[in-house]
Amino acid sequence: MIEINITTKNKQEFIDITEKVISTIENEIQKHNISEGIVVLYVPHTTAGCLINENADPAVKKDIIEFLESHVPKDKKYHHIEGNADAHIKASIVGNSVALIISNKKLVFGSWQGIFFCEFDGPRTRKLFIQIINKVT
Amino acid sequence: MIEINITTKNKQEFIDITEKVISTIENEIQKHNISEGIVVLYVPHTTAGCLINENADPAVKKDIIEFLESHVPKDKKYHHIEGNADAHIKASIVGNSVALIISNKKLVFGSWQGIFFCEFDGPRTRKLFIQIINKVT
Amino acid sequence: MIEINITTKNKQEFIDITEKVISTIENEIQKHNISEGIVVLYVPHTTAGCLINENADPAVKKDIIEFLESHVPKDKKYHHIEGNADAHIKASIVGNSVALIISNKKLVFGSWQGIFFCEFDGPRTRKLFIQIINKVT
């Protein structure tokens, strides 16, 4: 398993970790000569998540964040009194794990796709775990 | 594959299955001497799901349920006329499968994370399936 | 890895790919004599996704699409100016990958469940990738 450390700088932000994650996975593919397999990305936090969507135009992540804020406003009254109830709900919508595919010694990934680490209660030091399982034939 | 049976008692509730799921997985880890791997949790229903978020403060799940209810009200008019259209939509938002990681002979899990079985159309007898794949090196 | 091609015909639609996906997986199960395993479905697009929910009554998918449209209206003002910002947000809510379980030489699947390819910015030619990992004991 590989651990990636992420330092977030704002209360709420999507950090593009595409290059970091892909290079980490492709390094493992080469090192262990993996041809076919699957990958799990796992965020061990409850006020952060991860999401795959477009990273070419940064306006897209801005729209996703604004959608979440408009439907889960930070300043509403919630039962959880730590002041970050909205962050738990946003993280629940986005999700905390993603499954990917390795095929032909490469990570299968769309040309417009990017991987975002979604911070909803920063700034904090965060972790993302990556596990790769190779296909045994 | 392991099957867990869950009996829900209310129309809508999040049941904390963290201990049950973790002890089941750790039992398998010991039994089969698994060091590295991945786990899939799968809910075979369409009006229930599963979700990982904070379980330390029960107010968090209350906030998530109220968020879902306020945006997908039970009493709105829907096309599906069985009276549980809201439950299908809520289950679609939450999701019906989760991927986890095993590393160093342990389930990787955040200190504040909990696993919720999300019932949206109970009370019912429900199932959750767990499949573990070990890494072969 | 197997590639499925999907031709969508509308701007927004959920296409039932249950039979296609299940027959593809069961064909692989027979061909490679797989007894236990997991499956990852992966959509490499950013304005489409995939979702598991009820397919028996087509009204359910209509309700899910209307829920998404009412909360993420196409005609709102967004930062992303390509006219499909809503499609990126909808795809982010639905998700672009799903994990499934194979057990006892069969795909584990609920009697009411169906697999939908969710188009939010069609009509287009789309792809869905399927990777199967068998358990080695």
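Predicted, not measured: the structure shown is a model, and the values here were computed from it.
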Problem - Interchain contact, C:Ile130 with chain A, by part (heavy-atom threshold 4.5 Å) - result: backbone
Completion exercise
Answer key: most heavy-atom pairs under 4.5 Å with chain C among A:Ser70, A:Ala59, A:Pro58, A:Gly114 is A:Ala59
Practice task
Identify which one of C:Glu119, C:Lys74, C:Arg124 satisfies the side-chain contact (heavy atoms from CB on, under 4.5 Å) criterion when paired with C:Lys11.
Solution key: C:Lys74
Handout entry: Over 12 foreign heavy atoms within 6.0 Å of CG, C:Asn104
Key = no
Handout entry: Side chain, backbone, both or neither of A:Leu68 within contact of chain C (heavy atoms, under 4.5 Å)
Key = neither
Handout entry: Toward chain A, the part of C:His45 with a non-hydrogen atom under 4.5 Å
Key = backbone
Fill in the blank from the handout: In terms of heavy-atom pairs under 4.5 Å with chain A, the winner among C:Ser97, C:Gly95, C:Ser92 is C:Ser92
Handout entry: Side chain / backbone / both / neither for C:His71 at chain A, heavy atoms under 4.5 Å
Key = both
Handout entry: Under 4.5 Å from a heavy atom of chain C, the part of A:Ile64 involved
Key = both
Exercise for the section: Could you tell me which of A:Ile93, A:Ile52, A:Val40 has the largest number of non-hydrogen atom pairs under 4.5 Å with chain C? Expected result: A:Ile52
Practice task
Would you mind checking which part of C:Val43 comes under 4.5 Å of any heavy atom in chain A, side chain (CB onward), backbone (N, CA, C, O), both or neither?
Solution key: backbone
Problem - Heavy-atom check, side chain of C:Thr8 versus side chain of C:Arg126, under 4.5 Å - result: yes
Exercise for the section: Using distance alone, with no hydrogens and no angle criterion, decide if A:Thr47 and A:Asn84 have a side-chain donor and acceptor under 3.5 Å apart. Expected result: no
Completion exercise
Highest number of heavy-atom pairs under 4.5 Å with chain C among A:Lys135, A:Glu66, A:Gln113 belongs to A:Gln113
Problem - A:Lys106 atom NZ: more than 12 heavy-atom contacts under 6.0 Å - result: no
Practice task
Report the C-alpha separation of C:Ile102 and C:Glu36 in whole Å, then their side-chain angles, then the decisive distance to 0.1 Å, and conclude whether the side chain to side chain contact (heavy atoms under 4.5 Å, CB included) test is met.
Solution key: CA-CA 5 Å; C:Ile102 292 169; C:Glu36 301 285 318; 5.9 Å; no
Handout entry: Under-4.0 Å salt bridge between A:Glu69 and A:Lys90
Key = yes
